[in-house]
Every structure is written in structure tokens, then in C-alpha cells.
Amino acid sequence: MDMTRILIVEDDPYIAELQKDYFALHGYEAELSDDGQAGLSLALSGDYDLIILDIQLPGISGFEICKTIRERLDVPILIVSAKNEELDKIRGFGFGADDFVTKPFSPNELVARAKAHLARYERFKNGQKMKPDESLHIRELTINPSSHRVFVHDQEVFLTAKEFEVLVFMASNPNRVFSKDQLFEKIWGLDSNGDIATVTVHISRIREKLEADPSNPQFIETVWGAGYRFTV
């Protein structure tokens, strides 16, 4: 079995080596890059199963790296940063990051979060969520979990793995209201630790891709003060 490969783009040598050592202890192969541009080139090679990014890097920021990767690859991306501002988290999630871990962090927690994201990406990549004949048809929307494909009016819409998982979960549980905390727990499988902003960002991105008028959503509605509901 091939070893899971992780790319760590971090310019602090102590933190980078610490991450690498802990991933090695858990059976992962980690490669390091201390430069933004070099890290981006490595990431775009497609040779890695998960990518961990610092925000402040020489050459190019972690945000820009994340954005560029997400435009071309569907791979778990974790941002690790000393910045703990809500705006930075929202920016990271908006650029396509799957998680945001604040320094100082527990290396064991980082490994646990990485494992959770790897497992979820692998499940969806292999189409294990639902059987091939269990496509969902809601008005003009068609979701095929086995092939990870979504169509609106017979036109294919491309979602990231996390966007797709949110959509499948909500479409499989129609007319039920889920709070942001509940969605974070169901989809990310982790304690929120204040990172539920990613739920809002992912819902917004799904609406932009599915809805003719994202400001007046027909599929995922906002239930003010309670959460979100998928309507059929």
C-alpha cells in the first residue's frame, strides 16, 4: 500500500520539523517547503494527498497558494496560522481551505484533523457514500454521489469535495433544519472550536454554483436564528 503523502509549506523550521515528525509517527510521509512559490509548484504536481499551509510565507501567501490549488486540484487543504482573526478564517475557507488550525496548536490535534479530512476525501473519491443507483433528483437538480457529479438543468456544476458532501448531506435530509454547529460536526466530524464560519462560506459557495439568484436560494434556505434547510 502506498504511503499517504503530505506537503507542509511552513517557513518556521521548528514548527515544520515538529509537524513532519508527528506525521511520521503516525505513518505518513511528509515533505517540507519553506517558500511560498516553491511550495505552490510542489502542490500543483498532484503528488500529495493533503497539503498544510502557513499564511505568511516568503514569495506568495498561503491564501494565494490555497486559491490556486483549489482552482486546479481537489485535495484536502489545512491552513495553520498564528493569526486567529475571524476574517482570516473566513478568507481561508473562502479560498477553499478545509480547515483552519491556530498556532500554538497540539500536534496530535493537527494529525487528528488531517486524518479526518483524508478519510472523508477518500470515501467520496471511492463513491462509498451511496450506491450508484441512488442518485438524488430534486426539481432541476441531480446529484450522483457515486460519480461525484452534480447537474442543474442538465448542465454539470463542479463542487469541491467538502461542498459536495454538504450538499449530499442536506439533500439526503430534506426539510430539516440544521444549525451551523450540527453541520460542522456532521460534515467535518470535529469540534468546531470557533471555526463554524466555514459552514457559512461553504453554503454560500454552493448557492453561487447552483442558484440562478444566490440571494434568493431555492435549494438551501437560511432559517434565521436556527440554521439551514434543504427544501424540496
Side-chain angles (χ1 to χ4, degrees), residues 63 66-67 70 74 76-79 84-102 113 116-117 119-121 123-125 127-130 134-232:
F63 287 137
C66 181
K67 178 182 177 182
R70 186 56 74 222
D74 198 7
I77 302 174
L78 279 65
I79 289 180
N84 192 30
E85 297 179 6
E86 194 72 10
L87 180 59
D88 288 313
K89 293 182 179 181
I90 292 173
R91 286 186 67 195
F93 292 135
F95 286 135
D98 294 284
D99 210 345
F100 194 109
V101 181
T102 304
R113 287 176 177 265
H117 291 295
R120 290 173 183 276
Y121 267 72
R123 184 175 70 246
F124 274 87
K125 184 173 68 175
Q128 296 173 352
K129 183 72 174 181
M130 299 175 71
E134 291 183 330
S135 292
L136 298 171
H137 302 279
I138 304 96
R139 301 190 299 278
E140 64 270 23
L141 174 66
T142 299
I143 307 168
N144 190 318
S146 64
S147 63
H148 196 136
R149 303 181 76 182
V150 177
F151 297 87
V152 178
H153 293 297
D154 296 325
Q155 296 294 314
E156 186 165 9
V157 177
F158 297 94
L159 304 181
T160 67
K162 273 293 183 291
E163 292 166 2
F164 187 80
E165 188 167 357
V166 171
L167 179 62
V168 169
F169 175 77
M170 298 202 70
S172 300
N173 296 276
N175 299 319
R176 290 181 56 187
V177 177
F178 293 95
S179 69
K180 294 178 184 178
D181 288 297
Q182 288 174 322
L183 287 171
F184 194 98
E185 182 180 352
K186 292 288 186 181
I187 305 302
W188 280 260
L190 304 163
D191 293 332
S192 63
N193 292 324
D195 290 345
I196 59 172
T198 188
V199 175
T200 303
V201 173
H202 278 74
I203 294 292
S204 177
R205 290 209 306 253
I206 293 169
R207 286 171 172 168
E208 289 175 358
K209 295 178 180 181
L210 299 187
E211 304 281 1
D213 179 7
S215 65
N216 183 30
Q218 302 301 305
F219 295 113
I220 301 179
E221 296 182 340
T222 299
V223 181
W224 296 106
Y228 299 100
R229 173 177 57 211
F230 191 96
T231 59
V232 296

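Residues take their numbers from the sequence shown, with the count starting at 1.
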Subject >> Heavy-atom donor-acceptor pair, Q218 side chain to E211 backbone, under 3.5 Å >> reply: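 A pair under 3.5 Å: no.
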Rounded to the nearest 0.5 Å, what separates atom [atom1] in [X] from atom [atom2] in [Y]?
X    : Y    : atom1 : atom2 : result
H117 : L78  : NE2   : CG    : 4.5 Å
I206 : T160 : CD1   : OG1   : 7.5 Å
N144 : H137 : CG    : NE2   : 8.0 Å
N216 : E221 : CG    : CD    : 9.0 Å
F151 : D154 : CZ    : CG    : 8.5 Å
R205 : R70  : CZ    : CZ    : 7.5 Å

Does any part of the side chain of [Y], heavy atoms only, come nearer than 4.5 Å to the side chain of [X], both counted from C-beta?
X    : Y    : result
T222 : R207 : yes
V201 : K162 : no
F230 : I138 : yes
L210 : I220 : no
I77  : F95  : no
L183 : H202 : no
T198 : F100 : no

For [X] against [Y], the heavy-atom pair lying closest together:
X    : Y    : answer
C66  : A97  : SG-N, 3.5 Å
S172 : L136 : OG-CD1, 3.8 Å
V177 : Q182 : O-OE1, 3.9 Å
M170 : F178 : CE-CD1, 4.5 Å
P76  : D98  : CA-OD2, 3.2 Å
H148 : D74  : CE1-OD2, 4.1 Å

**OP:** Answer yes or no: are there more than 12 heavy-atom neighbours, outside K209 itself, under 6.0 Å from its atom NZ?
**Re:**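 Yes, the 6.0 Å shell around NZ holds more than 12 heavy atoms from other groups.
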Original post:
Heavy-atom count around D213 CG within 6.0 Å, excluding the residue itself: above 12?
Top reply: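 For D213, atom CG is crowded (more than 12 foreign heavy atoms under 6.0 Å).
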**OP:** Kindly determine whether V157 and F164 satisfy side-chain contact (heavy atoms from CB on, under 4.5 Å), including the steps that lead there.
**Re:** CA-CA 10 Å; V157 177; F164 187 80; over 6 Å; no
**OP:** Step by step, work out the side-chain contact (heavy atoms from CB on, under 4.5 Å) result for E140 and F219.
**Re:** CA-CA 10 Å; E140 64 270 23; F219 295 113; 3.8 Å; yes
**OP:** Evaluate the criterion side-chain contact (heavy atoms from CB on, under 4.5 Å) for residue pair F63 and D88; output intermediate values, then yes/no.
**Re:** CA-CA 9 Å; F63 287 137; D88 288 313; 3.9 Å; yes
